[in-house]
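What follows is a short report on a single structure.
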Amino acid sequence: MADTSILVLRACLALLAMPIYLLSFLGLWEPFCKKFFFPFFLDRFSVVHEKKAKKHKQELFRNLPDFTGPSGELKLLEIGTGLGANFQFYPPRCKVTCSDINPNFQQGLRRNMEKNQHVHYERFLTAAGEDLRQVPSGSVDAVVCTLVLCSVRSVDGTLREVLRVLRPGGAFYFLEHVAADPSSWQYFWQQVCYPTWKLVFCGCCLTREIWKNLEQAHFSEVKLQHVGIALPWTPIRPHVLGYAVK
């Protein structure tokens, strides 16, 4: 009965989003989404998410300085930098390399760089999380990834690249929305929204169990907790956050 209800509600949602499905069929939605819609949406969504997640992020990044390298500098790579919402939480004088598969966030990114001049910005890389070949192996002290693993093509592939670029003893910081408990109404609505949500929001998957990927990756230590971040009218309340040490 539940499966039937999900299929019926998915069809209703698809009808509401029919213009987007049509644009996608014609090959027009993806370029429009990446260049205009998603940067516009993320700019506004980030404001709401930051208000709800600020305390979690303050606590999450509190021990970032502990992973400063032997050189005395903290070299940090952020995967999926987006508009730079995390810059405010980074310690003074850390050296940040920004990367994102979508280069169309530049305007918002520059705005956040100007607001956070305590951070030294090294460079911006247009790169997918699964392919960070521009970053030398073992060259960074910390990697940060927030609200990104939901949309990468391969979570495991991205984590392999994270482990490659981290120096031994370096840390990977994460905060990601994940699948809800399968017995919950939240999970039911994630199942309903999944196909349309993924299309509209550049491949964002609602039902990934990212904590399993993290636990199965070859980190020496994983500090992970499940938290709820209430975002009105969205199916992405469940999150995992923490850090993993190479």
Side-chain angles (χ1 to χ4, degrees), residues 29-61 64 74-132 134-135 140 142-153 158 161-162 172-178 197-206 210 229-234 236-237 239-241:
W29 173 251
E30 186 174 351
F32 173 80
C33 183
K34 286 184 175 180
K35 188 168 184 178
F36 299 107
F37 173 74
F38 199 58
F40 173 83
F41 167 79
L42 191 63
D43 191 28
R44 279 134 187 89
F45 174 78
S46 294
V47 174
V48 178
H49 192 272
E50 284 308 302
K51 286 180 181 178
K52 301 289 185 179
K54 186 171 184 177
K55 289 183 179 179
H56 291 296
K57 284 190 175 184
Q58 287 173 333
E59 181 61 24
L60 172 64
F61 294 123
L64 250 178
L74 178 67
K75 297 178 181 178
L76 185 151
L77 166 68
E78 182 165 356
I79 299 174
T81 306
L83 302 172
N86 294 322
F87 294 160
Q88 60 184 302
F89 303 105
Y90 295 160
R93 297 180 300 281
C94 75
K95 293 188 172 182
V96 179
T97 296
C98 304
S99 72
D100 206 292
I101 195 171
N102 187 346
N104 296 300
F105 296 122
Q106 297 291 323
Q107 185 175 352
L109 187 58
R110 283 194 295 270
R111 190 165 62 244
N112 269 319
M113 285 179 173
E114 290 170 3
K115 289 180 182 177
N116 295 279
Q117 296 189 13
H118 65 287
V119 174
H120 177 74
Y121 303 101
E122 293 276 84
R123 55 179 174 157
F124 179 89
L125 307 174
T126 301
E130 306 92 331
D131 184 6
L132 299 169
Q134 300 172 75
V135 183
V140 298
V143 177
V144 172
C145 188
T146 61
L147 302 183
V148 173
L149 294 179
C150 59
S151 57
V152 296
R153 290 185 179 178
T158 300
E161 278 291 80
V162 168
F172 172 54
Y173 285 78
F174 55 88
L175 189 157
E176 301 287 339
H177 70 81
V178 294
W197 184 278
K198 186 177 181 181
L199 173 64
V200 173
F201 298 112
C202 280
C204 176
C205 297
L206 292 170
I210 291 169
I229 299 177
L231 298 165
W233 305 104
T234 72
I236 58 172
R237 179 187 177 92
H239 285 64
V240 292
L241 63 84

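Note that these values count all heavy atoms, side chains included, but never hydrogens, waters or copies made by symmetry.
At most 12 non-hydrogen atoms from other residues, nucleotides or ligands lie less than 6.0 angstrom from CD of Glu30. Atom NZ of Lys75 has 12 or fewer heavy atoms from other residues, nucleotides or ligands within 6.0 Å. Other residues, nucleotides and ligands contribute over 12 non-hydrogen atoms within 6.0 Å of the CZ atom of Phe41.
Nearest heavy-atom pair across Thr126 and Ile101 is CG2-O, 3.9 Å. Taking all atoms of both residues into account, the shortest heavy-atom contact from Ser151 to Cys202 is CB-O, 4.0 Å. For the residue pair Cys145 and Phe172, the shortest heavy atom distance occurs at CB-CE1, 3.5 Å. The nearest pair of heavy atoms linking Glu161 to Gly129 is CB-O, 3.6 Å.
For the pair Thr81 (side chain) and Ser99 (backbone), a donor-acceptor distance under 3.5 Å is present. With hydrogens and angles ignored, the 3.5 Å screen pairs a side-chain donor or acceptor of Glu130 with a backbone N or O of Arg153. Of the possible polar contacts, none joining the His120 side chain to the His118 backbone as a donor-acceptor pair under 3.5 Å is found. In this structure a side-chain-to-backbone donor-acceptor pair under 3.5 Å is missing from Gln58 to Phe89.
Asn112 pairs by the side-chain hydrogen bond (donor to acceptor under 3.5 Å, both in side chains) definition with nothing, not counting sequence neighbours.
The aromatic rings of Phe61 and Tyr90 stand perpendicular to each other, their planes meeting at an angle above 60°, with 30° marking the opposite boundary. Ring planes of His49 and Phe45: tilted class, angle from 30 to 60°.
The SG atom of Cys150 lies 9.5 Å from the CH2 atom of Trp197; values are rounded to the nearest 0.5 Å. Atom-to-atom distance recorded for Thr234:OG1 and His177:NE2 is 9.0 Å, nearest 0.5 angstrom. Rounding to the nearest 0.5 Å gives a distance of 12.5 Å between CD1 of Ile229 and NZ of Lys55. Considering CG of Leu42 and CZ of Phe201, their distance stands at 10.5 Å, rounded to 0.5 Å. Here the CG-CD1 distance, from Leu149 to Ile210, works out to 5.0 Å after rounding to the nearest 0.5 Å. One distance of note links SG of Cys98 with OH of Tyr121; it measures 7.0 Å at 0.5 Å rounding.
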**Request:** In sequence, state the C-alpha distance, the side-chain angles, and the governing distance for Leu132 and Leu77, and then conclude on side-chain contact (heavy atoms from CB on, under 4.5 Å).
**Result:** CA-CA 10 Å; Leu132 299 169; Leu77 166 68; 4.0 Å; yes

**Message:** Run Lys57 and Glu50 through side-chain contact (heavy atoms from CB on, under 4.5 Å) and show every step you take.
**Reply:** CA-CA 9 Å; Lys57 284 190 175 184; Glu50 284 308 302; 2.6 Å; yes

**Item:** Full working for side-chain contact (heavy atoms from CB on, under 4.5 Å) between Leu74 and Leu64
**Value:** CA-CA 8 Å; Leu74 178 67; Leu64 250 178; 4.1 Å; yes

**Item:** Ile236 vs Leu147, side-chain contact (heavy atoms from CB on, under 4.5 Å): CA-CA, chis, key distance, verdict
**Value:** CA-CA 10 Å; Ile236 58 172; Leu147 302 183; 6.0 Å; no

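Residue pairs meeting the salt bridge (charged side-chain N to carboxylate O under 4.0 Å, His left out) criterion with at least one partner in residues 100-127, sequence neighbours excluded, are Asp43-Arg111. Screening residues 78-93 for salt bridge (charged side-chain N to carboxylate O under 4.0 Å, His left out) gives no qualifying pairs among residues at least two apart or on separate chains.
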